Structures are given as C-alpha cells and as structure tokens.
Amino acid sequence: MPTRFASFREFYPFYLSEHSNRTSRRLHFIGSCGVLALLALALVQGRPWLLLAALFCGYGFAWVGHFFFEKNRPATFKHPFYSFVGDWVMFKDILTGKIRF
C-alpha cells in the first residue's frame, strides 16, 4: 500500500486492512463508545479533565488492539487525521452492520 494517500477514500481500504482482526475491531469500538460517554460526562458535569480521559480511553483500547491482536503499528503515527476519521467511519460501519463486529 502507498505511504501517501490522495484522499480519505483512498486511505480507508488501507485502514480497514490494518483492522482485519475481529478482537481489535471490537476494542476500537469499545474505546469509541468510552470516548462518547466521557465526552458526554465532561459536558454534562462540566469536568474538562474528562476530555483527557476520553483521549486515553480511545487510543488505549485501539493501541491494545494493534499491538496485541493485529501485531501492527497504528496508522495514527503516519496518518493522524485520516486515522482519526477512519476510527469514526469504522465505528459507524460497525453500527450499521457494514462491518462485522
């Protein structure tokens, strides 16, 4: 796969190939759910430190998936923006049944 991508549309198949392990996808999904819950709590309770907790939750679950199940390096290191968007598109695709959970 190329190391440079002209668009997210070009990047997303690569992103999905880096998330072929079902346990890793589940960890990403759980981490994303945790991020949403912590963001909601931060807003409702007015606790900005929960934003930092959300960051650790999302990346923590994802990186465990990559290092222990995918055995690869997260795309975040080379493609931070596309990787961030990819996390949420994959989350949506899991929710809608497009990707197997």
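Since we're looking at a predicted model, the values are computed, not measured. All residue numbers refer to positions in the sequence shown, counting from 1.
- When the side-chain hydrogen bond (donor to acceptor under 3.5 Å, both in side chains) test is applied to Arg22, no partner is found at least two apart in sequence or on another chain.
- Cluster membership for Leu43 and Leu39, using ILVMFWY side-chain heavy atoms within less than 4.5 angstrom, is not shared.
- Between Leu38 and Cys57, the shortest heavy-atom distance links the atoms CD1-CB, 3.8 Å.
- Just one residue in the list Arg73, His28, Lys71 forms a side-chain hydrogen bond (donor to acceptor under 3.5 Å, both in side chains) with His66, and that residue is His28.
- Panel note: side chain Ser83, backbone Pro80; no donor-acceptor pair is recorded below 3.5 Å.
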Under 3.5 Å, side-chain donor or acceptor atoms of residues 88-101 against the rest of the protein: list the pairs with distances, not counting sequence neighbours.
residue, atom, partner, partner atom, Å
Asp93, OD2, Tyr12, OH, 2.7
Thr96, OG1, Lys92, O, 3.0
Thr96, OG1, Asp93, O, 3.3

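- The shortest side-chain heavy-atom distance between Pro74 and Tyr59 does not fall under the 4.5 Å cut-off.
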Step-by-step side-chain contact (heavy atoms from CB on, under 4.5 Å) determination, Leu52 to Leu55
CA-CA 5 Å; Leu52 185 59; Leu55 185 68; 4.3 Å; yes
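- Counting heavy atoms from C-beta on, the side chains of Leu27 and Phe69 come closer than 4.5 Å.
- Minimum heavy-atom separation, Leu51 to Ala42: CD2-CB, 3.9 Å.
- Under the 4.5 Å side-chain heavy-atom criterion for Ile, Leu, Val, Met, Phe, Trp and Tyr, Val44 and Leu41 are members of distinct hydrophobic clusters.
- Put simply, Phe5 and Phe77 are part of the same group of oily side chains (I, L, V, M, F, W, Y) that touch within less than 4.5 Å, one to the next.
- Counted by atom type alone, Asn21 and Glu70 present zero donor-acceptor pairs between their side chains at under 3.5 Å.
- A side-chain contact (heavy atoms from CB on, under 4.5 Å) with Val85 is found for exactly one of Phe8, Phe11, Tyr15, namely Phe8.
- Sorted by first then second residue, the ring pair (Phe, Tyr, Trp, His ring centres under 6.0 Å) pairs that include residues 34-56, not counting sequence neighbours, number zero.
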